[in-house]
Amino acid sequence: MRPYYEMDDTAAIIETTFRARNLYLKNGFIQEAASVYPYAIFIYLKQGRFEETHKMMEDFECHSGLFSNGEIEPRRRQYEYSRGMYFEGINQLDSAEYHYRKALAYGFQFEGCKGLLSLYSTKGNLDSVKKYAPLYVQSVDEAAAKQQTEAVLKMKSLYDYTQSKKEAENQKRKAGIWKMSLFMCLLLALCVYFILRSRKSKSINRKIQEIELLQNTIKQMEEGNGSPDDRLDEFEESDIVKRLKQKVGKKEYASASELGELRAAAVKHLPSFIQTLGNTGYELQSHETDLCVLIKVGFRPSEIAILMNMTPQNITNLRARLNKKMFHADKGARDFDEKIINLTSS
């Protein structure tokens with residue numbers, strides 16, 4: 001599943017997870033069957049499928065044999081970040097904060113800061129957002145440095161292996177052939193290293209751009225006076241909205257950084273709309289805010305399902321549920337769309 005995760009092939013990860021689980025169960029390996037879930041749990045949480053995630057987390061935590069008194073074994077402690085995501089998704093924010101902070105305490109600086117940044121953004125706590133935004137950027141840099149170090153160590157290991165093999169078979173090979181072999185191995189290692197660094201740099205740049213957008217949003221909120229007017233026409237012509245429309249045409253879902261950029265652009269162009277969303281009495285999660293913004297800017301439910309990597313039925317259910325929680329109305333998904341479209345419209 002890890003190679004599929006590195007390729008961002010979520011469908012293959014889910015299919016492999018349940019195929020592995022069924023094979024384990026078929027052969028009587030109960031604990032192993034329950035231990036296959038972490039990648040699938042993380043993917044489902046990103047998709048907002050919390051009911052399905054709850055069942056997997058319950059099976060994983062109760063039957064995998066990896067937990068003792070509610071604490072997961074040390075080599076799996078990154079799972080605390082997934083726990084935090086789940087509780088944030090079901091609006092149990094105190095529990096979410098508890099698990100994000102546990103991830104930090106266990107040394108997962110990147111995941112802990114990212115979780116707390118998301119949590120405090122949802123709460124609208126500017127002081128905490130300003131605190132954790134630079135820590136998150138720092139953790140991204142440290143993660144990049146760690147990966148580069150690991151790549152260099154792998155390259156050195158390959159070099160050492162080639163050297164020892166050369167000494168063991170020196171009588172069988174000519175020195176010139178082995179020099180060429182060593183050169184090719186080092187060249188291959190260097191290629192792999194620079195490819196990994198290039199990919200990581202792109203990921204880091206996307207995350208830094210997201211942080212910069214967030215910091216600009218904070219600055220605008222602090223400098224703003226009164227209740228600014230929404231500029232829906234400008235928002236519709238913004239770069240992020242145009243890019244999402246292109247993704248819909250290609251049937252590609254939006255990345256987490258792109259959805260974060262969408263929220264930041266909405267704060268800039270639709271400040272009154274975002275403020276009104278926060279005044280409904282229901283505290284929206286990030287994926288729920290994304291849904292409202294996409295509806296406001298004119299995306300159809302089928303297009304939103306593509307961008308958010310969810311099924312059309314999940315989008316329909318989410319709209320109907322938000323209609324009850326935000327507007328105390330039982331008229332369904334279409335009624336919710338009308339309310340969102342007309343919200344703050346003159």
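In this structure, the side chain of Lys296 engages the main chain of Leu343 through a donor-acceptor pair within 3.5 Å. In terms of modelled atom types and a separation under 3.5 Å, the side chain of Thr280 and the main chain of Leu277 share a donor-acceptor contact. Between the side chain of Asn309 and the main chain of Gln47, no donor-acceptor pair closer than 3.5 Å is present. Under the 3.5 Å distance criterion, the side-chain polar atoms of Asn323 are matched with a main-chain donor or acceptor of Gly332.
Between Lys268 and Glu234 there is no salt bridge, since no side-chain nitrogen of the basic residue lies less than 4.0 Å from a carboxylate oxygen of the acidic one. Ion pairing between Glu252 and Lys250 fails under the 4.0 Å rule for side-chain N and carboxylate O. A salt bridge is defined here as a Lys NZ or Arg NE, NH1 or NH2 lying under 4.0 Å from an Asp or Glu carboxylate O, and Lys55 with Glu51 fails to meet this definition. Using a cutoff of 4.0 Å between basic side-chain nitrogens and carboxylate oxygens, Asp335 and Arg319 are not scored as salt-bridged. Checked for salt-bridge contact, Glu303 and Arg300 meet the test: a charged N lies under 4.0 Å from a carboxylate O. Residues Arg334 and Glu338 are not paired through a salt bridge, judged by the lack of any N-O separation under 4.0 Å between the basic side chain and the carboxylate. With respect to the salt-bridge test (charged N to carboxylate O, under 4.0 angstrom), the residues Lys242 and Glu236 do not qualify.
A side-chain N or O of Ser255 and one of Glu258 form a donor-acceptor pair less than 3.5 Å apart. Using modelled atom types and a 3.5 Å distance limit, the side chains of Glu288 and Tyr282 yield a donor-acceptor pair. Side-chain N/O atoms of Asn279 and Thr276 include no donor and acceptor closer than 3.5 Å. Under the 3.5 Å distance criterion, with hydrogens and angles disregarded, no donor-acceptor pair is assigned to the side chains of Tyr98 and Arg83.
Put simply, the side chain of Leu322 does not reach to within 4.5 Å of the side chain of Ile340, judged on heavy atoms. Between Tyr253 and Met308 there is no side-chain heavy-atom pair separated by less than 4.5 Å. Considering only heavy atoms from C-beta on, Tyr100 stays 4.5 Å or farther from Glu111 through its side chain. Thr316 is not listed as a side-chain neighbour of Pro301, based on a closest heavy-atom distance of 4.5 Å or more. Taking the side chain as every heavy atom from C-beta outward, Ile43 and Lys46 never approach each other to under 4.5 Å.
Atom CZ of Phe18 has more than 12 neighbouring heavy atoms from other residues, nucleotides or ligands inside a 6.0 Å radius. For CZ of Arg321, the number of neighbouring non-hydrogen atoms (other residues, nucleotides, ligands) closer than 6.0 Å is greater than 12.
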Legend entry - Worked verdict on Phe67 versus Arg76 for side chain to side chain contact (heavy atoms under 4.5 Å, CB included): CA-CA 10 Å; Phe67 291 79; Arg76 298 289 192 101; over 6 Å; no
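Ring centroids of Phe87 and His99 are separated by less than 6.0 Å, placing the two rings close together.
Between Phe60 and Tyr79, the two ring planes are perpendicular [angle over 60°; tilted spans 30° to 60°]. The aromatic rings of Tyr5 and Tyr39 sit tilted relative to each other, their planes meeting at an angle between 30° and 60°.
Judged by a 6.0 Å distance limit and a 45° cone about the ring axis, Arg49 is positioned over the six-membered ring of Tyr44.
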